[in-house]
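No hydrogens, no waters, no symmetry mates; every other heavy atom, side chains included, goes into these values. Residue numbering restarts at 1 for every chain, and letters A, B, ... go by the order of the sequence lines.
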2 protein chains.
Amino acid sequence: MAIGRSTQSTSQTPDAGAARRPSRARGIPEATVARLPLYLRALTALSERSVPTVSSEELAAAAGVNSAKLRKDFSYLGSYGTRGVGYDVEYLVYQISRELGLTQDWPVVIVGIGNLGHALANYGGFASRGFRVAALLDADPAVVGSSAAGLPVRHMDELEAIVESQQVSIGVITTPPGAAQQVCDRLVEAGVTSILNFAPTVLTVPDGVDVRKVDLSIELQILAFHEQRKAGEEPDRGDSVLDRAPGPVRAAAAKLRRAAGGTAKAEPAKGGKPAKGTEGDLSAVMPA
Amino acid sequence: MAIGRSTQSTSQTPDAGAARRPSRARGIPEATVARLPLYLRALTALSERSVPTVSSEELAAAAGVNSAKLRKDFSYLGSYGTRGVGYDVEYLVYQISRELGLTQDWPVVIVGIGNLGHALANYGGFASRGFRVAALLDADPAVVGSSAAGLPVRHMDELEAIVESQQVSIGVITTPPGAAQQVCDRLVEAGVTSILNFAPTVLTVPDGVDVRKVDLSIELQILAFHEQRKAGEEPDRGDSVLDRAPGPVRAAAAKLRRAAGGTAKAEPAKGGKPAKGTEGDLSAVMPA
DNA sequence: TAGATTGTTAATCGATTAACAATC
DNA sequence: TAGATTGTTAATCGATTAACAATC
């Protein structure tokens, strides 16, 4: 095993860096791990509707994946299905939850309480899966003392004490990019070993610390890439879709789409280099 | 080409579904496309520091990837480097921007102006890359008329008119999960062909429409999976890391980490099934 | 020319998928 | 038994990476 400092990979890629190594410890591929939460969400919805069993075909459709892939994924967890019948919903919810570690309580700290920090503090999807917000932290005295999601915002100075006393092992960084590495270092030093980074910065962490990155602008850029391609291909793709469209509604929509966002996009609106300067700036998300 | 409705894949997986098909149109792999924004960010930082050229090794380190991968990625764009010298920063910034479609203006609408919608409206990383917020939309009369990021929040009723008049092809969904599919349908019907979905719902869209998904809770669940593994492996991994740790600070931190978040986690705090009920609820992020 | 670094090759690895035997 | 559906195999595909010839 390599010792030293490693950098995280983007969450968008299944790039299994050193920090992601443990995933294959019991033989579960990283790609499968990334899909388990999707299955869990679909299963939880079925559970709430009191559906007792589900086939791989049905569940795959609900989760938006191929059924062969789903069965292959589940085979890494064990044989939890019944041939000719399907999977027991409740049992599978439990097994996947256990596999993901969601049957235990995970205290997390959120550092940087701007709009995004607020949004995350309020996010219902956390609490329902065993993630408990142990503390909200901010460096700005104007924000410290206010409250979000019913919790007081505390000062960064308290970070170490909170992490230690509440045994926090997961930290969420929603600071401006300039502060992210420094915050990350303090979190790691205090004992945090998993970091979810929303700041558009590559974080450097020691071996044994996991970093996952959520980058809002990268997702839009990837969409723009494909959108650009669509505009270029429009004469072909648009027409073929239109010709075989299943109904008048679809046809009208496609026509409208072409008119509104189609070939006009093929000509760049700006000729030269793109604007620079506010590179990856999250500070607007933060309080002044 | 298959005609019909398809579901998107999660942004975490490079699962090239039907909706992602155009990516290989000019032969650029999806994994490469997903990394171009990372390179662009690193290059923009260099450009701001007036660095004229950069080697694949340096740039790869800044972007957090392997240099061979970076060179391979760039080879899909063309031969933009100079052997023995490296890459011209400005030129590469332009070429990648162009490839991603960022040299043109992309009007986007954001639907659902809760905390997350606010955060996105304020996000500086959008405007700097040619993404222009054409409108903020919400269904709640209490929110409509307020302003965010200097823009008025407008009512959903105006969606179609705005998409058409401003030629919006990209929509961002930050609504509660229950409203997401309905909003998606309206966006697509109005002419939007790319959707960035923050609601924890699998969206169904017609062929030709791209959906990318950002799921805040999935990222945490993946971290929890690895964190759980760490706790289990701690006796092995913790010690080996400690033994060869480069300095007293690292050793102390590692020891602290073990004490605070280590083997204690190996025992589930809760024995049975995880709490259910607030499955993927984004409504707390939304205004009441 | 000597040193540096790209662009490409080829080996390897991991993920996806169709197909089907096993079995409920 | 007949029908349904899982779990697994094996083929295929795409992504990663080290190595190095090309060349500045």
Problem - Pairing nucleotide - C:dA21, Watson-Crick or G-U, each distance under 3.5 Å - result: D:dT6
Practice task
Could you tell me whether the side chain of B:Ser47 and the main chain of B:Leu43 form a donor-acceptor pair under 3.5 Å?
Solution key: no
Problem - Spacing of A:Leu70 atom CG relative to C:dA15 atom C1', expressed in whole Å - result: 15 Å
Problem - B:Ser56 side-chain N/O to C:dT5 phosphate OP1/OP2 under 4.0 Å - result: no
Exercise for the section: Could you check how far CD of A:Glu30 sits from C1' of D:dA15, rounded to whole Å? Expected result: 15 Å
Practice task
Check whether any side-chain heavy atom of B:Gln221 sits under 4.5 Å from a side-chain heavy atom of A:Trp106, and report yes or no.
Solution key: no
Fill in the blank from the handout: On DNA chain D, more 5' by nearest nucleotide between A:Gly81 and B:Lys72 is A:Gly81
Exercise for the section: Check the distance between D:dT6's C1' and A:Leu59's CG and give it to me in whole angstrom. Expected result: 13 Å
Problem - Side chain A:Arg83 and base D:dT6 donor-acceptor under 3.5 Å - result: yes
Completion exercise
Closest to the side chain of B:Arg35, out of C:dG7, C:dA15, D:dT16, is D:dT16
Problem - Nearest-0.5 Å distance that lies between atom OH in B:Tyr87 and atom OG1 in B:Thr53 - result: 12.0 Å
Handout entry: Separation of D:dT8 P from A:Asp73 CG (nearest whole Å)
Key = 13 Å
Problem - B:Ile173 and B:Thr201, any side-chain heavy atoms less than 4.5 Å apart - result: no
Practice task
Starting at atom NZ of B:Lys69, determine the distance to atom C1' of C:dT12, rounded to an integer number of angstrom.
Solution key: 14 Å
Practice task
Could you check how far CZ of B:Phe74 sits from C1' of C:dT9, rounded to whole Å?
Solution key: 20 Å
Problem - Distance in Å, B:Phe131 CZ paired with A:Leu220 CG, rounded so as to fall on 0.5 Å steps - result: 4.5 Å
Handout entry: Complementary nucleotide for C:dA15 - Watson-Crick or wobble, under 3.5 Å
Key = D:dT12
Exercise for the section: May I ask you to verify if any side-chain N or O of A:Arg71 is less than 4.0 angstrom from the OP1 or OP2 atom of C:dA19? Expected result: no
Handout entry: d(CD1, A:Ile28; C1', C:dA15) in whole Å
Key = 15 Å
Exercise for the section: Would you indicate, yes or no, if C:dA18 has its OP1 or OP2 atom less than 4.0 angstrom from a side-chain nitrogen or oxygen of A:Asn66? Expected result: yes
Exercise for the section: Can you tell me the distance, in whole Å, between the OH atom of B:Tyr76 and the P atom of C:dT8? Expected result: 11 Å
Exercise for the section: Give the nucleotide from the list D:dG7, C:dT16, C:dT6 with an atom nearest to the side chain of B:Ser55. Expected result: C:dT6
Exercise for the section: Look at the side-chain N and O atoms of B:Tyr87 and state whether any lies under 4.0 Å from the OP1 or OP2 oxygen of C:dG7. Expected result: yes
Fill in the blank from the handout: Contacts of A:Thr82 and A:Ala68 projected onto DNA chain C by closest heavy atom; the upstream (5') one is A:Ala68
